[in-house]
Amino acid sequence: MRSDANRLRFEIGARDGTARAGVIHTAHGPIETPAFIPLATKGSVRGLEGREVAGLGYQLILGNTYHLFVSPGPERIAAAGGLHGFMGWERALITDSGGFQVFSLAHGGVANEVKGSGRSGGEHGSKVEITEEGARFRSYRDGSELFISPEVSMRVQAALGSDIALVFDECTPFHADREYTARSTERTHRWLDRCLEWHQSEGPERQAVFGIVQGGVHEDLRRESAAAIAAAGVDGIAIGGTLGRDKEEMGAVLAMTAPLLPEAAPKHLLGIGEVDDLLGGIALGLDVFDCAVPTRLARHGVALAPVPEKRFRLDLRKGGWAGNREPLVDGCPCPACQHHDRDYVSYLSRAEELTAVRLIVLHNLTYMRELTRHARAAIEAGEFDKYRAAVLAGRSPWDARR
RNA sequence: UCCGGGGUAGCUCAACGGCAGAGCAUUCGACUGUUAAUCGAAGGGUUGUGGGUUCGAAUCCCACCCCCGGAG
């Protein structure tokens, strides 16, 4: 494991069973873990300004190589001082490599899978071609052809200037057979080597690189992959690929995969971020989690709330909120809950007012931050299991340790 | 009072002799490294009323009731 202190340093401050609380030090400041990472796919946490995201307490957000490559392009962002300068974000940035788009564009029609899209849209399948060299895509904007290889991905991420770059991988779908997953995982390992080779000679000095463990739901493949990533010398390690068809299987895949990762490295679970899943990941010793769900649900009128029987969701677009004077969640410190009630926010959401999106995004990101902040405190106090049980039983994060 | 236009789903309107539809609204479902402020599904009708013609009428004919516009 390469450990370049001026690029990235990870300190584990407390342990509670396999869970741990730490700090990832980057060129743009620290990230206290466990941490949730909001997505800023196209250079913005949708609906919010960077200052607001920082104001909520977030120290790391995720931008996407594929989207920013398509538009506005790496040259324009580099000329603006990298993604930090372009979007006015002064804290740490991680960039996804574009690898997930190979999956989502090729397998957009795959349903019933934890890390898949339940939507139709498989017509994209014919438009993605994966070869040893890289992946050929269609631009989501104008359909024009573009090509991303490990070297292209790293070059773009270098131009974006993220603090943490992710290696270019293929996110294998659940419905790929073992044979395909094995071959794909091996190719991802070769891509890893090419990413690191490019980065060592031409990448920014201060930019860290995380490898990505593949192998699907197969224990031996996950084991081989974890070993290959760790041996390659990376600054951190992420779990990618399919995690199974449902939450139960995801739990099993993660329980089997997490112990395979090197202890000293920051561990990132890609794409997972529902309330219960985050707690499960933290319990397994995972440190950072990025996910579209809290922000996407907010845009769809759904607020996170301590209601496990409704999957921690309060759907404000549904009927029945008229006249309800309660805050979205009692005791929540967010602006929506401090100053407004369910009646008003529900009305705004159904009226398609942008203010509703903002209020619920602020709420959901506050909720996720509170969830991880108290998880961290619970780990430091040696009470994580108790905290997790209380949240899963329906306590709010800020009440769960009382 | 006369002339013209119009009354179809909660709303705005299609269908103009052959199984009454759409959009919006409503209700429900989905959303996990964001092509997603999105997508999917369902419920909802004595076609203003009464008669007539026809195998068959929202559609054609007659009468009446309402609404809109114009004329006086």
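Remember, predicted model here, so these are calculated numbers, not experimental data. Numbers restart at 1 for each chain; the letters A, B, ... are given by sequence-line order, proteins then strands.
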Ile379(A) CD1 to Phe384(A) CZ distance, which is reported to the nearest 0.5 Å:
5.5 Å
Any base atoms under 4.0 Å from Asp290(A), or only sugar-phosphate, or nothing? Heavy atoms, all strands.
sugar-phosphate
Using a heavy-atom cut-off of under 4.0 Å over every strand shown, decide if His268(A) touches base, sugar-phosphate, or nothing.
nothing
Look through every strand shown and name the nucleotide pairing with [N] as Watson-Crick or G-U wobble, where both distances are under 3.5 Å.
N	result
G56(B)	none
G17(B)	none
C64(B)	G48(B)
G23(B)	C11(B)
G69(B)	C3(B)
C39(B)	G29(B)

Spacing of the [atom1] atoms in [M] and [N] (rounded, Å):
N	M	atom1	value
G21(B)	G43(B)	C1'	16 Å
G29(B)	C66(B)	C1'	42 Å
C13(B)	U47(B)	C1'	13 Å
G48(B)	G7(B)	C1'	6 Å

Does Asn64(A) put a side-chain nitrogen or oxygen below 4.0 Å from OP1 or OP2 of U34(B)?
yes
Would you confirm whether [X], through its side chain, and [Y], through its main-chain N or O, come within 3.5 Å as a donor-acceptor pair?
X	Y	result
Ser225(A)	Gln214(A)	yes
Glu249(A)	Val217(A)	no
Ser346(A)	Asp343(A)	no
Gln59(A)	Glu32(A)	yes

Just checking, is any N or O donor in the side chain of Glu370(A) or Thr366(A) under 3.5 Å from an acceptor N or O on the other one?
no
Using atom names, set out every protein N or O paired with an N or O of nucleotides 27-29 of chain B below 3.5 Å, distance rounded to 0.1 Å.
unit_1 : atom_1 : unit_2    : atom_2 : d
U27(B) : OP2    : Arg350(A) : NH1    : 3.3
U27(B) : OP2    : Arg350(A) : NH2    : 2.9

Whole-Å gap separating [atom2] ([N]) and [atom1] ([X]):
X	N	atom1	atom2	result
Arg311(A)	U32(B)	CZ	P	10 Å
Arg141(A)	U34(B)	CZ	P	18 Å
Leu68(A)	U34(B)	CG	C1'	12 Å

Return the orientation label for the His28(A) and His84(A) ring planes: parallel under 30°, perpendicular over 60°, tilted otherwise.
parallel
Parallel, tilted or perpendicular, as decided by the 30° and 60° cut-offs, for the rings of Trp398(A) and Tyr367(A)
perpendicular
For Cys332(A), run the side chain to side chain contact (heavy atoms under 4.5 Å, CB included) check against Asp330(A), Val329(A), Leu328(A) and tell me which one passes.
Val329(A)
Only one of Asp290(A), Ile237(A), Leu286(A), Ile239(A) passes side chain to side chain contact (heavy atoms under 4.5 Å, CB included) with His268(A), and that residue is Asp290(A)
Can you find a donor-acceptor pair, distance only, under 3.5 Å between Asp169(A) side chain and G33(B) base?
yes
Between [options], which one does the side chain of [X] approach most closely?
X	options	result
Val302(A)	G33(B), U32(B), C31(B)	C31(B)
Val114(A)	U32(B), C31(B), U34(B)	U32(B)
Cys171(A)	G33(B), U32(B), U34(B)	G33(B)

Identify whether a stacking contact exists between His300(A) and U38(B), where the ring centres must be under 5.5 Å apart and the planes under 30° apart.
yes
With the threshold set at under 4.0 Å for non-hydrogen atoms, list the residues of residues 37-57 of chain A touching RNA chain B in residue-number order.
Leu39(A), Thr41(A), Lys42(A), Arg46(A)
Would you jot down, in residue-number order, the residues of residues 352-376 of chain A having a non-hydrogen atom under 4.0 Å from RNA chain B?
Leu354(A)
